[in-house]
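Atom set for the values below is all heavy atoms of this structure, side chains included, hydrogens, waters and symmetry mates excluded. Numbers here simply count residues along the sequence, with the first being 1.
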Amino acid sequence: MAIIHKTTMSPGKLDLLAAWLPAQSWYRPTGRPPELVRSGGFRLDDPEGEVGIEFMVVTDTSGGEPTAYHVPLTYRGAPLAGAGAALVGTTEHGVLGRRWVYDGPHDPVLTAQLLALFQGRAEPQAQSLSDTPDPSVTARYDGPEAAGAEDAPALTVTRVLGEAAAPAAQTLGEVTAGWTAPDGSAHRGVFASLAAR
């Protein structure tokens with residue numbers, strides 16, 4: 001189980017994301033710099049214990065209507081080869097030292113564990129507590145066992161929460177979780193889905 005350290009990160013996660021988000025194709029510009037608020041999320045464990053895996057929700061309150069973004073992140077102790085374009089930034093962790101922070105869907109450790117979650121082989125963990133399962137995160141998979149990469153289902157990560165998901169007829173599985181808006185209202189939606197290729 002991953003250990004969640006109660007320490008500092010410099011720059012902090014929200015600072016890294018405020019600089020990175022506006023450059024993403026799925027970001028909804030407001031004409032102002034992002035004003036981000038932590039809104040929820042969960043973690044998965046890396047079986048090797050090397051990579052931090054977090055499914056983070058941040059809400060941008062800089063526009064007239066707050067927008068909740070799902071930003072899966074991985075935290076590594078060294079650069080991930082070939083993933084320079086997916087680098088969110090680097091930060092100094094108060095316990096672990098320099099960490100390279102990546103856009104998670106481009107990290108094979110995150111995608112492998114997310115698929116394991118769909119298949120019931122990984123257990124979602126609380127975002128800010130060590131060794132604490134998060135039963136509010138649910139996963140289902142209704143598809144056949146994939147025999148190889150060529151027939152593996154296509155994985156889609158929801159970036160803007162609350163948007164319409166893929167048509168149910170095409171969806172083989174979903175990971176659903178909750179988040180809390182800045183006004184305190186609770187929301188729930190699809191964080192990731194699998195569909196037939």
Minimum heavy-atom distance between [X] and [Y], given as atom pair plus value:
| X | Y | value |
| --- | --- | --- |
| Q125 | P133 | OE1-N, 3.7 Å |
| H106 | P108 | O-CD, 3.7 Å |
| T111 | G104 | CG2-O, 4.4 Å |
| P105 | L110 | N-CD2, 4.2 Å |
| L155 | A192 | CD1-CB, 4.4 Å |
| A126 | D134 | N-CB, 3.8 Å |

Going through the distances and angles, do W100 and L80 end up as a side-chain contact (heavy atoms from CB on, under 4.5 Å)?
CA-CA 8 Å; W100 281 258; L80 174 60; over 6 Å; no
Does T59 reach the main-chain N or O of V57 with its side chain, forming a donor-acceptor pair under 3.5 Å?
no
Does T61 reach the main-chain N or O of E35 with its side chain, forming a donor-acceptor pair under 3.5 Å?
yes
For F55 and F42, take the angle between the two ring planes, folded into 0 to 90°, and tell me which bin it lands in: parallel under 30, tilted 30 to 60, perpendicular over 60.
parallel
Using 30° and 60° as the class limits, which term best fits the ring planes of W26 and Y69: parallel, tilted or perpendicular?
tilted
Going from [atom1] on [X] to [atom2] on [Y], what distance comes out if it is rounded to the nearest 0.5 angstrom?
| X | Y | atom1 | atom2 | value |
| --- | --- | --- | --- | --- |
| Y141 | S193 | OH | OG | 12.5 Å |
| D15 | W20 | CG | CH2 | 15.0 Å |
| Y75 | R43 | OH | CZ | 5.5 Å |
| T158 | E174 | OG1 | CD | 8.5 Å |
| E54 | M56 | CD | CE | 5.5 Å |
| L73 | I53 | CG | CD1 | 11.5 Å |

Should [X] and [Y] count as side-chain neighbours, where that means a heavy-atom distance under 4.5 Å?
| X | Y | result |
| --- | --- | --- |
| T171 | R140 | yes |
| R28 | V160 | yes |
| F118 | P153 | no |
| D60 | L21 | no |
| P72 | R159 | yes |
| D45 | Q113 | no |

Shared hydrophobic cluster for V71 and L87 (ILVMFWY, side-chain gaps under 4.5 Å)
no
Let me know which of L117, L161, V137 forms a side-chain contact (heavy atoms from CB on, under 4.5 Å) with F191.
L161
V109 and side-chain contact (heavy atoms from CB on, under 4.5 Å): which partner among V51, L114, L44?
V51
Can R76 and D46 be counted as an ion pair, charged N to O under 4.0 angstrom?
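So R76 does not pair with D46 through a salt bridge.
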Report the C-alpha separation of V58 and K13 in whole Å, then their side-chain angles, then the decisive distance to 0.1 Å, and conclude whether the side-chain contact (heavy atoms from CB on, under 4.5 Å) test is met.
CA-CA 10 Å; V58 294; K13 296 176 189 179; over 6 Å; no
Run T138 and R188 through side-chain contact (heavy atoms from CB on, under 4.5 Å) and show every step you take.
CA-CA 11 Å; T138 60; R188 192 167 180 83; 3.4 Å; yes
